[in-house]
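Just so you know, ligand 1 is whichever comes first in the structure, and atom 1 is the first atom listed for that ligand. In what follows, residues are counted from 1 in the order of the sequence shown.
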Amino acid sequence: MAIEPSTTTTPPGAARSTASVAFRSALDVIRDVEPRVADAIAQEVTDQREMLKLIASENYASPATLLAMGNWFSDKYAEGTVGRRFYAGCRNVDTVEALAAEHARTVFGAAHAYVQPHSGIDANLVAFWAVLSQRVETPALAAAGVRQVNDLSEQDWARLRAEFGNQRMLGMSLDAGGHLTHGFRPNISGKMFDQRSYGTDPETGLLDYDAVRAAAREFRPLILVAGYSAYPRLVNFRLMREIADEVGATLMVDMAHFAGLVAGKVLTGDFDPVPHAQIVTTTTHKSLRGPRGGMVLCDDSLAEHVDRGCPMVLGGPLPHVMAAKAVALAEAGRPEFGTYAQAIVDNARALAEGLLRRGAKLVTGGTDNHLVLIDVSGYGLTGRQAEAALLEAGIVTNRNSVPRDPNGAWYTSGIRIGTPALTTRGLGTAEMDEVAGLLDTVLSAASAAPAAKGGLSKAKHVLDAAVAEQVAKRGSDLLAGFPLYPGIDLS
Ligand code: DSN
């Protein structure tokens, strides 16, 4: 469950672990050129060691994954795909890209894996392009009797562009836990697609599949998007595929948040998106515990469209990150990753139970996955005030809207917390109860500050410094029992 011991702990008799020597040497080399960068890197690991990291989308990658990124692959251009590059000299890039894709296919049971996207947003853009081009370009090209989009006449190309801008997407609403890239205005997807969203049941907070079906029947989207970044329950992807098929939509699942639970076989059957969706996107750095990056999995029908991601919508691939993806996916294929993934969920449940017992209000009343959404209006706070108060006490979280949030997306009424990072450190269900106690202590003690113009501020809070100090101390005492990268000494 804790980070790979073989790469992080000090072997008996050895002065320092191999990873410790590697990181220390790297910092020495950097320090010779720009010491402030070396110091910032060292400070970052100190901060990450000392803080109670509850951001649901963050984790700690293994030293092997981190080290795979700092090398000569960074200097190589490799547009194209394995064996079909626009640059010469890509044989080693081919090796790591093929390995990453192979591990991804094995871990997720996918027909095809495209490991080049630089982030989740990029992975989603590749997926949108692939679905659009499969649905629009292929028939248009066939009708025009050409094989390549570049061979289209100006007139056909103009028609194609008009088609692209006239497509519909149905995704989960932002305040129900959907993501910006699922067709919302602040993201290009909201400009590419005519978007409608489905929400959650006002009473239970749960996804209402009948409502999704009704919306799909009425709107008839090209793409039905499932997946979330702030929904604390499972999604039945078999049902979502049924709905998509009924209206002729492609089911796209964004599993960025819960990819680790899929890889670890905690989400199986109806809750595993890969057998049900035609296309699945993810990031690689959240519960999957890899390097920062993205990935697309798809069935054979979409493979050639997905593989045109670069240069269609992506800049040149990052071979050093693909190397790290290969390492992290190899780790995710090991049996112990399944133990880790189950522990993430057990910990989230324990955290939710600890909060509920202390009287906190949770969206949907609990969790089935890696995250918990606290409605902090129960504490008389906005999400922004709660986030700042918790940070003062050494607890790092992020504010998030709750369904039908009266405080909007900036101030919000929620705090989203997740267990992937603390679970990597080895904290278990007993410690989660203690973490719930720390959260509740801060949120109960904090209050809204008076606003300059009278009434209460939505942004500023008041928290007794003694409470902040006491919680920070209890947090760091707790973490001291679960050292991060125990074999790595940078002093
Ligand atoms: N930034 C990610 C998250 O925190 O959920 C999603 O894009």
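Residue-to-ligand polar distances place H179 within reach of ligand 1: an N/O pair is separated by less than 3.5 Å. The shortest N/O to N/O separation between K286 and ligand 1 does not fall below 3.5 Å.
Every atom of ligand 1 is numbered from 1 in the order shown, and the set under 4.0 Å from a heavy atom of S57 is 3 (C), 4 (O), 5 (O). Ligand 1 places these atoms under 4.0 Å from at least one heavy atom of R416: 3 (C), 4 (O), 5 (O). Below 4.0 Å from some heavy atom of S229 lie the following atoms of ligand 1, by number and element: 5 (O). Which parts of ligand 1 touch H257 is read off a 4.0 Å heavy-atom cut-off, strictly below it: atoms 3 (C), 5 (O).
Distance check for atom 1 (N) of ligand 1: every protein heavy atom is found at 4.0 Å or beyond.
If you check the side chains of N400 and T412, you find no donor sitting under 3.5 Å from an acceptor. Side-chain N/O atoms of Y231 and N369 include no donor and acceptor closer than 3.5 Å.
Between F271 and F258, the gap from one ring centroid to the other reaches at least 6.0 Å.
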Query raised in the report: Given the rule in the salt bridge (charged side-chain N to carboxylate O under 4.0 Å, His left out) test, do R213 and E242 qualify, once you have shown the distances and angles that lead to the verdict?
Result: CA-CA 9 Å; R213 192 183 298 274; E242 247 178 55; 3.5 Å; yes
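In this structure, Y228 and H370 have parallel ring planes: the angle between them is below the 30° cut-off, well short of the 60° mark.
Heavy atoms only, all atoms of each residue included: K325 and P117 are closest at NZ-O, 2.9 Å.
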